[in-house]
Amino acid sequence: RYLIVDAFNPKCSPAWSDRDIDHKIAQARQGADADRWRVESRDRAGNVSQEPGVVQEQDPKAPTLPRIEVRRLVDYAADIIAQSKMPTLDYGIDALNRLAPIPIRSMGTLMGPTGAGKTALALTIGTHRARFSGLPMPSQGPTVRAILELTPSQLAGRRAAQLSRFNWQQILGGVMNQEEIEQTLTGENIFVVKPPRDIGFVGFIGAYLDEVQKICSGVPLLVVDYLQRIKGKGNDMRSMVSGVVDDLVDLTESRDMYTL
């Protein structure tokens with residue numbers, strides 16, 4: 001909770017209320033309990049809460065590393081990236097910049113159950129770096145949203161909700177007209193595209209990125225929402241997604257960009 005309150009909430013407009021924050025945390029815990037994941041409550045000193053129901057043991061058959069070893073691996077990787085002086089994706093959230101750096105020409109993945117806030121977080125990350133006029137700062141650049149589930153209107157409504165006093169259902173219901181939505185989103189260099197969902201996806205995105213970089217400076221961020229909607233090569237979902245990931249990694253490594 002303190003991570004949301006200290007690092008994330010000050011950057012939100014409007015800020016989340018305590019009730020909203022508690023509700024979102026409760027949703028995350030319910031989903032984690034259902035999946036038998038471990039969920040902990042930590043204070044600013046890193047002390048783990050022992051409240052009943054907060055900690056859910058993992059499946060004993062699942063391969064795991066001790067948490068301290070995982071933490072050391074993550075810290076080690078972050079230190080190596082920091083020492084390399086490579087440019088990294090600016091999330092707009094200092095804690096994420098430290099804990100999960102994504103170097104240039106690299107891809108990161110947001111994972112979580114339905115309703116966990118993946119799209120909202122990706123919107124926040126993408127728009128933070130895409131808010132500029134004229135030439136961007138080194139940490140800024142255009143964001144390309146490849147949407148495979150939402151419509152452009154739904155995406156615009158969800159982003160406008162982050163910047164207004166209305167929720168996105170109210171905005172899509174007509175409480176804001178098109179001109180008001182456009183004014184709310186003015187200054188955000190975000191390019192929204194609905195690409196094909198087949199094996200032509202990566203080629204289409206590569207060509208689209210070329211066109212974006214002709215009209216907008218800065219290192220682009222590609223946000224794919226979401227991966228499982230793309231039908232790549234293979235006979236089952238696992239192999240199809242694996243093939244798409246391989247192609248996206250090849251694209252990302254071939255030019256200065258980030259992929260999420």
Side-chain angles (χ1 to χ4, degrees), residues 3-4 6-16 77-78 81-82 84-112 117-148 150 152 154-164 168 181-193 195 205-206 208-227 248-249 251-260:
L3 182 62
I4 297 175
D6 292 352
F8 182 75
N9 209 32
K11 301 177 185 294
C12 295
S13 179
W16 290 22
I81 293 170
S84 72
K85 305 299 183 182
M86 293 176 63
T88 57
L89 175 65
D90 180 9
Y91 293 99
I93 303 171
D94 291 340
L96 283 179
N97 288 339
R98 294 194 305 271
L99 294 172
I102 299 180
I104 194 167
R105 299 196 177 203
S106 299
M107 183 171 78
T109 306
L110 283 175
M111 296 182 291
K118 299 183 297 297
T119 296
L121 178 58
L123 270 173
T124 301
I125 294 169
T127 50
H128 163 75
R129 67 186 311 278
R131 270 190 169 274
F132 60 88
S133 58
L135 293 176
M137 299 291 288
S139 63
Q140 295 177 314
T143 293
V144 174
R145 294 278 313 205
I147 53 175
L148 299 156
L150 300 177
Q154 288 172 329
L155 184 67
R158 295 191 68 161
R159 177 54 184 161
Q162 293 181 327
L163 301 172
S164 72
W168 68 277
I181 293 175
E182 291 177 358
Q183 288 176 349
T184 301
L185 302 181
T186 296
E188 297 188 344
N189 295 278
I190 300 175
F191 299 81
V192 180
V193 61
I205 289 297
Y208 190 82
L209 283 167
D210 290 338
E211 296 303 313
V212 168
Q213 292 190 277
K214 289 178 183 178
I215 60 177
C216 190
S217 301
V219 177
L221 165 66
L222 169 65
V223 179
V224 181
D225 189 9
Y226 61 98
L227 198 61
L248 276 174
V249 169
L251 172 67
T252 306
E253 291 180 344
S254 70
R255 60 173 74 199
D256 286 351
M257 64 177 291
Y258 306 96
T259 298
L260 188 63

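In what follows, every heavy atom counts, from backbone to side chain, and hydrogens, waters and symmetry copies are set aside. When a residue number appears, it is its place in the shown sequence, counting from 1.
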Taking all non-hydrogen atoms of both residues, which atom of Met111 and which atom of Lys118 are closest, and how far apart?
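For Met111 versus Lys118, the nearest heavy atoms are C-CD, 3.9 Å.
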
Side chains of [X] and [Y] in contact at under 4.5 Å (non-hydrogen atoms):
X      : Y      : answer
Gln213 : Val144 : no
Ile104 : Tyr258 : yes
Leu89  : Arg129 : yes
Val193 : Glu211 : no
Leu251 : Ile205 : yes
Thr259 : Ile102 : no
Leu248 : Leu227 : yes
Leu222 : Thr252 : no

Does the [X] side chain pair with the main chain of [Y], one donor and one acceptor, at a distance under 3.5 Å?
X      : Y      : result
Arg145 : Asp225 : no
Tyr208 : Pro195 : no
Arg158 : Trp168 : no
Thr127 : Leu123 : yes
Asn189 : Phe132 : yes

Pairwise distance SG(Cys216) to CD(Gln140) - rounded to 0.5 angstrom
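Cys216 SG to Gln140 CD: 10.0 Å, rounded to 0.5 Å.
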
Which residue is it: Thr109, Leu121, Leu221, Val224? I am looking for the one with a side chain to side chain contact (heavy atoms under 4.5 Å, CB included) to Leu260.
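Among Thr109, Leu121, Leu221, Val224, the one that satisfies the side chain to side chain contact (heavy atoms under 4.5 Å, CB included) with Leu260 is Leu221.
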
Flag for Thr88-Asn97: side-chain donor and acceptor within less than 3.5 Å:
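On atom types as modelled, these side chains do not qualify, holding no pair under 3.5 Å.
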
Does a sphere of radius 6.0 Å around CG in Leu135 hold more than 12 heavy atoms from other residues, nucleotides or ligands, not counting ones at 6.0 Å or beyond?
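Open: at most 12 neighbouring heavy atoms sit under 6.0 Å from CG of Leu135.
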
